[in-house]
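A short write-up of the structure that comes next.
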Amino acid sequence: MPGDPSFTFSVLHRICKLVVLLCFLHIAVAVVFYVRSFDFRLAFVQNQQSNNNISKSQNTDPVVSYGKVLEQPVKKLEKCPETSPLLVGPLKVEFNFTVDLELVKKENPNVQPGGRFKPKDCEALQKVAIIIAFRYREEHLKYWLYYLHPILQRQQLDYGVYVIKQDGNDTFNKCRLLNTGYAEALKEYDYNCFVFNDVDVIPMDDRNTYKCFSQPRHLGVYLDKFGFRLPYNGCFGGATSLSKEQYLKINGFPNNYWGWGGEDDDIYNRVVTKGMSISRPDSEIGKCRMIRHNRDKLNDPNPQRFDLLAHTQQTMDKDGINSLKTQVLSIQKFDLYTMITVDVGKP
Ligand code: UDH
Ligand code: MN
């Protein structure tokens with residue numbers, strides 16, 4: 001009964017039991033929560049690790065995930081087809097407008113610095129270095145870049161454009177420039193085909209593919225300036241292509257033609273002397289335009305050309321890429337081409 005000490009004790013006893021019970025309950029709840037949060041943390045760490053593996057696998061190696069090997073993400077490209085499906089055929093080529101190279105750059109966003117390109121959906125059949133001998137022809141170069149970059153991309157070539165500029169104001173030597181272009185391009189990339197293109201010659205059909213063939217190829221063959229006809233059978237100028245093997249077989253080009261004329265006929269002599277012949281596209285596909293121009297200063301007709309031409313067979317093995325002595329002064333990477341400035345020496 002109330003007031004009885006044994007009653008007071010029993011009440012206190014019950015309160016104590018309740019407190020102890022509450023304490024246990026509290027501890028139990030705390031333990032449950034602790035264990036559950038531990039589970040979460042473990043899961044979080046595991047998840048992080050597998051995420052890391054996935055992002056690693058995207059960059060490099062295959063990884064084992066949930067017991068399966070994920071597929072290697074770097075896929076090998078198939079070879080491009082023999083004939084590009086992107087070709088359009090005959091082209092309108094005219095020179096009655098001003099070319100803005102900034103615009104040309106914007107219209108060819110896939111051309112890489114230095115004028116490099118390779119198709120992204122297939123592996124190009126050939127690696128082509130295009131070599132242009134150059135001095136005082138800025139306007140012609142702009143047209144060339146404007147017309148040729150889209151054509152070469154449609155032809156699905158792995159290509160680079162090299163403009164080889166003669167330094168100074170001595171007589172022009174086209175072949176020393178072209179030989180230097182060959183050597184410098186090879187230092188940069190494993191090219192297996194070389195196109196030698198006058199800066200003012202533009203093909204009028206993109207089926208005229210800028211690649212190499214089983215024989216040296218005359219690409220810039222039927223010029224408007226000659227009524228779209230071959231002026232003579234042994235003509236081999238304007239734009240030509242030679243594989244690395246064909247070029248080395250003829251020991252490259254002659255170094256001793258100063259001024260205008262004869263060097264292309266010397267190259268023709270070299271080709272036939274080594275038992276090769278000239279391959280040409282048909283008269284429709286091989287049409288080209290040459291930008292009208294006056295004879296350049298410091299490139300007068302070379303009076304020695306007939307003498308030199310009479311001795312190609314005797315001189316070709318010691319005069320060529322194996323005897324080239326020029327000095328590269330600078331290599332500049334522009335958006336649409338690489339310019340290499342060269343001291344070719346004096347006559
Ligand atoms: N070149 C220059 N600057 C010069 C001189 C020549 O850049 O001062 C380069 C340029 O790439 C030019 C090429 O050398 O396109 C040939 O010179 P050219 O244009 O004066 O030659 P041409 O127009 O050639 O006379 C026509 C070729 C037709 C074949 C002839 C058959 N033998
Ligand atoms: Mn010309």
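Numbering of ligands and ligand atoms starts at 1, following listing order.
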Check [X] against ligand 1 and report side chain, backbone, both or neither, counting heavy atoms closer than 4.0 Å.
| X | value |
| --- | --- |
| K174 | side chain |
| V199 | both |
| W144 | neither |

Candidate with minimal heavy-atom separation from atom 29 (C) of ligand 1, of D264, L178, L230
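The nearest heavy atom belongs to D264.
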
Of Y136, F236, Y232, the residue with the heavy atom nearest atom 32 (N) of ligand 1 is Y232

Counting C-beta onward and ignoring hydrogens, is there a side-chain heavy-atom pair between P281 and R217 closer than 4.5 Å?
yes

Identify the closest protein heavy atom to [atom]: which residue and atom is it, and at what distance?
| atom | result |
| --- | --- |
| atom 22 (P) of ligand 1 | W260 NE1, 3.7 Å |
| atom 23 (O) of ligand 1 | H293 NE2, 3.1 Å |
| atom 7 (O) of ligand 1 | R135 N, 2.9 Å |
| atom 6 (C) of ligand 1 | F172 CE2, 3.2 Å |
| atom 16 (C) of ligand 1 | D198 OD2, 3.5 Å |
| atom 17 (O) of ligand 1 | R137 NH2, 4.0 Å |

Which class fits the ring pair Y159 and H149: parallel under 30°, tilted 30 to 60°, perpendicular over 60°?
tilted

When you measure from the Mn ion (ligand 2) to each N, O or S atom of D200, which atom gives the shortest distance?
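It is OD2, the N, O or S atom of D200 closest to the Mn ion (ligand 2).
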
Quick one: does A133 get within less than 4.0 Å of ligand 1, heavy atoms only?
yes

Is R295 close enough to touch ligand 1? Criterion: a residue heavy atom under 4.0 Å from a ligand atom.
no

Step by step, would you call K211 with E82 a salt bridge (charged side-chain N to carboxylate O under 4.0 Å, His left out)?
CA-CA 11 Å; K211 65 174 184 179; E82 200 54 47; 3.3 Å; yes

For [X] and [Y], which I'm curious about, is there any donor-acceptor pair between the side chains at under 3.5 Å?
| X | Y | answer |
| --- | --- | --- |
| Y143 | D200 | no |
| T312 | D266 | yes |
| Y189 | D158 | yes |
| D265 | Y232 | yes |

Are F236 and F196, when compared by the centres of their aromatic rings, separated by less than 6.0 Å?
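No; F196 has its ring centre 6.0 Å or more from that of F236.
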
Per-atom contacts, ligand 1 versus F226 - under 4.0 Å to a heavy atom:
28 (C)

Can you list the atoms of ligand 1 that are under 4.0 Å from a heavy atom of D296?
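Near D296, the atoms of ligand 1 are 4 (C), 5 (C), 6 (C), 8 (O), 20 (O).
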
For atom CD of Q313, decide whether the heavy atoms of other residues, nucleotides or ligands shown that lie under 6.0 angstrom number more than 12.
no

Derivation and outcome, side chain to side chain contact (heavy atoms under 4.5 Å, CB included), residues Q126 and N192:
CA-CA 7 Å; Q126 296 192 6; N192 49 23; 3.9 Å; yes

